[in-house]
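The block underneath contains the structure these notes are about, expressed in structure tokens.
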Amino acid sequence: MFDVIIVGGGPTGLFLACELRLAGVRPLVLERRPEPDLADKAHGLAGQVVRLLDNRGLFERCGGRGAPAPAPGFFFGGMPLPLHVLGKENPMYLLPVNQRDLEHVLNERAAELGADVRRGWDVLSFSQTDDQVDVVARGSDGTEMTLTARYLVGCDGGHSLIRKQAGIAFPGISDDNVVDRTALIGPSDRFRFAPGGRVAIDGLGEIPAVFHRTERGLFTLLGHDPERPLVNTAEWEDHPAGDFPGPGAPMTPAEMEESIERVLGARLPLAPPPEGAPTMLRRMCGRNSRLADRYRDGRVFIAGDAAQVSHGPTLNLALQDAANLAWKLGATVQGWAPEGLLDSYETERHASGERVLMHTQAATALTAPGGDVTALRRLFAELLDRTENTHMVAALVAGADVRYDMGEEHPAAPTGWFVPPINLTTDDGRERRLAELLRDGRPLLLDLTGGNDLAATAEPWNDQVHRVTATADDAPAPALLIRPDGYVAWAGADPDSLKTALTRWFSPG
């Protein structure tokens, strides 16, 4: 019997497997694709999730350098966010990593940690009792097998079989008139990237390279890889032609050129990517905004796109789902989870899903054509002239605006929030970043008090909670109790309130 079976070996499933191994349990990942997906999909991570990957030592492995630094700017609804005005309060971090490269890194990390990942296995059905879950899967050779685990997690995407068979509703809305077209192209002398995030197009002049809105649609030209820029348009059409991949005729370079001409009013001939480079021609018709009404059915859980889909930062959300669920499953499997710990996964992550759904729909509304939207954008731009409004929107998009309820009536300021970056000097005299102490995925008691009272209080939890004593100039509290997912479960210096928090989150003591 496995501890946990994960259905879906994309980034969410692989990251969940890594987190479960850190939590001391044995996961099995079942992925129907025989090989990793090399398709060009998401092109980066934004917000709080970047710091989560840094906590696990994956930031640099995904192409980051040093420690994550706040981004000077970002976008919301196709409108620039002047994040440089926020200073230390800037919550937006960026990691420009292609999804296939992220999946490669996570696949390597899962192997290093000893996770069992089996490709070419298609899950057909499952059944559960009070004690276990039985999963029927078929291998690429046609062999069927029943596998048993204590828990099952569906990380199998927006069309999740696990969610459907568990009878979990997936309410939401669909806007069938928005058509997104995307292509990887080759270099061209018809356009040139200019300073300040702009692009010069022959016959048109300089325009913003990202989210350039006209009354006919939206245009973006990304030059992260100058040898194969990514071009995208969004149009609002009465009779969309159908998705590709999926139902509908394949998209062609000519269709992409025609869409650009409709949006910009200028023809931009497109060259193909260099020979041997990844290609993409994709048309997506309609945008779904859906959120599962619950994230659990008995011993069955859902995470990532299986729980929420939108035209927004779903991968950012998904990886944080995995981090939240993994340590709670690990505690339950190992027998030290307090009552109700597993239930808190749905409570906490459903709230985050609601926020993403809200801001994604709002951002889409701000990019639509029409004079009324243009007027709304002018008003919104005026609101963003105020620093407090820019911070609010940035925190919303970064996923840093949700504070978990840690059970205290009057919690200290950092309690319930994702732990801020802190530079420390540990007792051995080493200067370290807090993220370096969170690599192993264990709960951490960061004690900056210089005394012994908290150590005595935490002693019964020494098997679960790692305690580090240090000094810091920029700490938000004398001591912090940090959950494995990076959230502050308690802050302060009072031993009695620390004991209450340890009992609530990590065991009866």
Side-chain angles (χ1 to χ4, degrees), residues 1-6 12-13 15-29 52 55-56 110 113-116 128 130-133 149-155 295-303 307 319-350 352 404-408 415-416 418-419 437-446 457-468 480-490 498-509:
M1 178 186 289
F2 295 92
D3 292 327
V4 181
I5 291 177
I6 302 168
T12 309
F15 189 56
L16 177 60
C18 294
E19 292 289 285
L20 285 169
R21 287 299 297 138
L22 291 176
V25 302
R26 297 181 308 117
L28 168 65
V29 180
L52 171 63
N55 288 349
R56 294 297 185 263
L113 293 170
D116 189 348
Q128 63 173 313
D130 291 340
D131 302 315
Q132 66 187 47
V133 184
R150 296 182 63 178
Y151 294 95
L152 172 66
V153 184
C155 300
Y295 284 18
R296 179 184 186 184
D297 180 66
R299 291 182 171 269
V300 179
F301 296 82
I302 54 174
L319 298 180
Q320 293 177 87
D321 285 350
N324 187 291
L325 177 59
W327 74 273
K328 297 172 182 178
L329 278 173
T332 304
V333 167
Q334 295 186 43
W336 58 263
E339 184 179 355
L341 183 65
L342 273 181
D343 291 332
S344 71
Y345 165 65
E346 178 182 310
T347 302
E348 294 176 349
R349 297 310 300 162
H350 194 275
S352 295
Y404 293 158
D405 180 4
M406 296 297 175
E408 294 185 64
T415 303
F418 198 79
V419 66
L437 303 179
L438 300 172
R439 299 286 193 252
D440 60 5
R442 293 179 61 192
L444 173 68
L445 175 59
L446 179 62
T457 300
E459 185 175 359
W461 286 269
N462 283 348
D463 289 342
Q464 285 83 38
V465 180
H466 182 208
R467 177 178 169 269
V468 172
L480 300 168
L481 179 62
I482 305 166
R483 304 189 325 184
D485 58 355
Y487 281 82
V488 178
W490 168 88
L498 171 61
K499 181 177 181 180
T500 300
L502 287 164
T503 303
R504 177 182 176 90
W505 292 108
F506 302 119
S507 79

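The chain is numbered in sequence order, starting from 1.
Minimum interatomic distance between Ile5 and Ala149 (heavy atoms only, all atoms of both residues): CG1-CB, 3.5 Å. Annotation for Arg504 and Asp405: closest pair NH2-O, 4.0 Å, computed over non-hydrogen atoms. Shown here for Ala110 and Cys18, the closest heavy-atom pair between the two residues is N-SG, 3.5 Å. Contact detail for Ala322 and Thr12: the closest heavy-atom pair is CB-O, 4.1 Å. Listed here is the closest heavy atom pair of Cys155 and Leu16: SG-CD2, 3.9 Å. Closest non-hydrogen pair, Leu342 versus Arg296, comes out as CB-NH1, 3.6 Å.
When each of Arg349, Glu348, Arg483 is checked for a side chain to side chain donor-acceptor pair (under 3.5 Å) with Tyr404, only Arg349 meets the rule.
The distance from the CG atom of Asp321 to the OH atom of Tyr345 is 4.0 Å, given to the nearest 0.5 Å. From Trp461, atom CH2 reaches atom CZ of Arg467 across 14.0 Å, with rounding to the nearest 0.5 Å. The CG atom of Leu325 sits 10.5 Å away from atom CG of Asp485, with the distance rounded to the nearest 0.5 Å. In this structure, the separation between CG on Leu446 and NE2 on His466 is 10.5 Å, given to the nearest 0.5 Å. Within the model, atoms OH of Tyr295 and CG of Asp343 stand 15.0 Å from one another, a figure rounded to the nearest 0.5 Å. With rounding to the nearest 0.5 angstrom, the CE atom of Met1 is 7.5 Å from the CG atom of Asp131.
Between Gln320 and Phe15, every side-chain heavy-atom pair lies at or beyond the 4.5 Å cut-off. Considering only heavy atoms from C-beta on, Leu445 stays 4.5 Å or farther from Leu502 through its side chain. Residues Arg56 and Leu22 are in side-chain contact: their nearest non-hydrogen atoms beyond the backbone lie under 4.5 Å apart. Residues Arg26 and Asp116 have side chains not in contact (no heavy-atom distance under 4.5 Å, counting atoms from C-beta outward). Put simply, the side chain of Trp505 reaches to within 4.5 Å of the side chain of Ser344, judged on heavy atoms. No side-chain heavy atom of Leu329 sits less than 4.5 Å from a side-chain heavy atom of Glu19. Inter-residue side-chain proximity for Asp463 and Trp336 is flagged as unmet; no heavy-atom pair is nearer than 4.5 Å.
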### Task
Apply side chain to side chain contact (heavy atoms under 4.5 Å, CB included) to the pair Thr500 and Trp490, showing each step before the final yes or no.
CA-CA 9 Å; Thr500 300; Trp490 168 88; over 6 Å; no
### Query
Does the side chain to side chain contact (heavy atoms under 4.5 Å, CB included) test come out yes or no for Asn324 and Tyr487, once each step is laid out?
CA-CA 9 Å; Asn324 187 291; Tyr487 281 82; 5.7 Å; no
### Task
Under the side chain to side chain contact (heavy atoms under 4.5 Å, CB included) rule, what do Arg150 and Val333 come out as? Steps first, then yes or no, please.
CA-CA 8 Å; Arg150 296 182 63 178; Val333 167; 3.6 Å; yes
### Message
Quick one, Leu20 with Asp3, criterion side chain to side chain contact (heavy atoms under 4.5 Å, CB included). Give me CA distance, side-chain angles, the key distance, then yes/no.
### Response
CA-CA 9 Å; Leu20 285 169; Asp3 292 327; over 6 Å; no
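Gln128 places a side-chain N or O within 3.5 Å of a backbone atom of Asp297 that can act as its donor or acceptor partner.
A cation-pi arrangement is present between Arg299 and Tyr151, with the terminal nitrogen or guanidinium carbon under 6.0 Å from the aromatic centre and inside a 45° cone about the axis.
A tilted orientation is assigned to the rings of Phe506 and Trp327, their planes being inclined by 30° to 60°.
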